[in-house]
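Since the structure comes first, as structure tokens, the remarks are kept for the end.
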Amino acid sequence: MTVRCTDLVKHYEDVVAVAGIDLAVFRGECFGLLGPNGAGKTTTVEILEGLTLPDGGSVEVLGCRWGTGRDHELRERLGVQLQETQLAEKLTVGETLRLFASFFARPRAVSEVIRMVGLEDKRHARVGKLSGGQKQRLALACALVSDPELLFLDEPTTGLDPQARLNVWEVVETFRARGGTVLLTTHYMEEAAQLCDRVAIMDHGTILSLDRPAALVASLGAEQIVEFRVRGDLAASALAGLPGVSRVTEKDGGFRLSVRRIGEAMPALLSELERRGLTIESLTTHQATLEDVFVHLTGRALRDE
């Protein structure tokens, strides 16, 4: 077991940031905390990293507990990328990584880390001249230079363009291929589905569900999601018995159907609406995803404010 926490609690005055969660991360896996801003993901990770003290519960990382005299030894084995990393803009990429490498007894070679994150042509560039994606890759390199066993990544691709996001994903997958363990937070469902072996969906400081991404999606009992609006009055109960439909919910003045067999459900839906004399204002369909799992669990979209 690489990480274990039990009944973890953290309060900020009257706000409960983490409300008694239990987690276990196994060696060699990529474990994701998926949830919207304010769900408690960052607070949880900061406690696991030893940056924030919990108000309750227990934490064990790589067989050690924070505050028992082995903190320095433990930090040698971790790589940490914070949600925001402020680096000295006058230093070059190479100088920045040599500085971070000096903090550790047995760091990885700076040239190797630069190659891992694809910044060879920026080795002598000053940090202030880098693009947002390049700065994010440099922050990831700073986390990797310690040659860690366990890598913490807090929203590693927020604000990046699609190509830069793919570059970060490749670095994470390379680290895992070498036997490393990753714990990341994200509010991008695609990122969790692509990188994570298991995902815990968080909201309001609690874990709503935890499983493999494919198993979480399968728990919906649906292959497709159909969302539509009509002009006129329609009750959700009128749609519940349609062939191939496993669940009906009302959403923002429209309807959301979880569908097992789209080939049966769509003709039945259109026929029922025509029978009732209702006109469709809009209709969309998509493959069921982790976003739909979150909507099912909370009644709102993952990136709703």
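This chain uses plain numbering: 1 for the first residue, then up along the sequence.
- Cluster membership for Leu74 and Leu144, using ILVMFWY side-chain heavy atoms within less than 4.5 angstrom, is not shared.
- Between the side chains of Thr6 and Asp22, no donor-acceptor pair of N or O atoms lies under 3.5 Å.
- Interatomic distance, Asn37 CG to His187 NE2, rounded to the nearest 0.5 Å: 5.5 Å.
- Using modelled atom types, no side-chain atom of Arg165 and backbone atom of Thr158 make a donor-acceptor pair closer than 3.5 Å.
- For the residue pair Glu223/Gln287, the side-chain donor-acceptor check at 3.5 Å is not satisfied.
- Rounded to the nearest 0.5 angstrom, Leu153 CG and Thr186 OG1 are separated by 10.5 Å.
- Counting heavy atoms from C-beta on, the side chains of Asp154 and Leu184 never come closer than 4.5 Å.
- For the residue pair Gln81 / Glu155, no side-chain donor-acceptor distance below 3.5 Å is found, with atom types taken as modelled.
- For the 3.5 Å distance criterion, the side chains of Thr157 and Glu191 qualify, holding a donor opposite an acceptor.
- Not a single donor-acceptor pair under 3.5 Å links the side chain of Trp169 to the backbone N or O of Ala164.
- One finds a salt bridge joining Asp197 and Arg176 here, because a Lys/Arg side-chain nitrogen approaches an Asp/Glu carboxylate oxygen to under 4.0 Å.
- Nearest approach of Ala238 to Leu234, heavy atoms of both residues: CB-CD1, 4.1 Å.
- One hydrophobic cluster, built from ILVMFWY side chains closer than 4.5 Å, holds both Leu138 and Leu160.
- For the pair Val93 and Leu130, the minimum side-chain heavy-atom distance is below 4.5 Å.
- Heavy-atom contacts from other residues, nucleotides or ligands closer than 6.0 Å to CD of Glu274 number 12 or fewer.
- A donor-acceptor contact shorter than 3.5 Å links the side chain of Thr96 to the backbone of Thr92.
- Remark: the backbone N or O of Gly28 is paired with a side-chain donor or acceptor of Thr181 at under 3.5 angstrom.
- Under the 3.5 Å distance criterion, the side-chain polar atoms of Glu264 are left unmatched by any main-chain donor or acceptor of Arg261.
- Side chain of Arg4 to backbone of Leu23: no donor-acceptor contact under 3.5 angstrom is found.
- Inter-residue side-chain proximity for Pro148 and Phe175 is flagged as met; some heavy-atom pair is nearer than 4.5 Å.
- By the 4.5 Å heavy-atom criterion applied to side chains, Phe152 and Leu82 are not counted as neighbours.
- In this structure, the side chain of Thr206 does not engage the main chain of Ala19 through any donor-acceptor pair within 3.5 Å.
- Within a 6.0 Å sphere centred on CG of Asp121, heavy atoms belonging to other residues, nucleotides or ligands number more than 12.
- For the atom pair CG (Leu210) and CZ (Arg198), the distance works out to 5.5 Å, reported to the nearest 0.5 Å.
- Within the 4.5 Å cutoff, side-chain heavy atoms of His296 are placed close to those of Arg247.
- At least one donor-acceptor pair closer than 3.5 Å links the side chain of Gln134 to the backbone N or O of Ser131.
- Under a hydrophobic clustering in which Ile, Leu, Val, Met, Phe, Trp and Tyr are joined whenever their side-chain heavy atoms come within less than 4.5 Å, directly or via other members, Val18 and Leu208 fall into different clusters.
- Between Glu149 and Arg27 there is a salt bridge, since at least one side-chain N of the basic residue sits less than 4.0 Å from a carboxylate O of the acidic one.
- Remark: Leu53 CG is loosely packed, at most 12 non-hydrogen atoms of other residues, nucleotides or ligands lying under 6.0 Å away.
- Between Arg229 and Glu250, no side-chain nitrogen of the basic residue sits less than 4.0 Å from a carboxylate oxygen of the acidic one, so the salt-bridge criterion is not met.
- When side chains are defined from C-beta on, Arg77 does not count as touching Leu150, because their heavy atoms never get closer than 4.5 Å.
- Of the possible donor and acceptor atoms, one in the side chain of Thr68 sits under 3.5 Å from a partner among the backbone N and O of Arg65.
- Note that OG1 of Thr185 and CG of Leu34 are 9.5 Å apart. Values are rounded to the nearest 0.5 Å.
- Between Leu283 and Ile280 the shortest side-chain heavy-atom distance falls below 4.5 Å.
- Both Val171 and Leu87 sit in one connected hydrophobic cluster of ILVMFWY residues. Membership requires side-chain heavy atoms under 4.5 Å apart, directly or through other members.
- Between Lys135 and Glu89 a salt bridge is recorded (basic side-chain N to carboxylate O distance below 4.0 Å).
- Using a cutoff of 4.0 Å between basic side-chain nitrogens and carboxylate oxygens, Glu281 and Arg231 are scored as salt-bridged.
- At distances below 3.5 Å, not a single donor-acceptor pair connects side-chain atoms of Ser209 with backbone N or O atoms of Ile201.
- Looking at Glu120 and Arg115, no side-chain N of the basic residue comes within less than 4.0 Å of a carboxylate O on the acidic one, giving no salt bridge.
- Hydrophobic clustering of Ile, Leu, Val, Met, Phe, Trp and Tyr side chains at less than 4.5 Å, counting indirect connections, unites Trp66 with Leu8.
- For the side-chain contact (heavy atoms from CB on, under 4.5 Å) criterion with Leu33, the lone passing option out of Val199, Thr42, Leu183, Ile21 is Leu183.
- In this structure, Glu60 CD and Met1 CE are separated by 9.0 Å, a value rounded to the nearest 0.5 Å.
- Residue Cys196 holds its SG atom at 9.0 Å from CG of Leu290, rounded to the nearest 0.5 Å.
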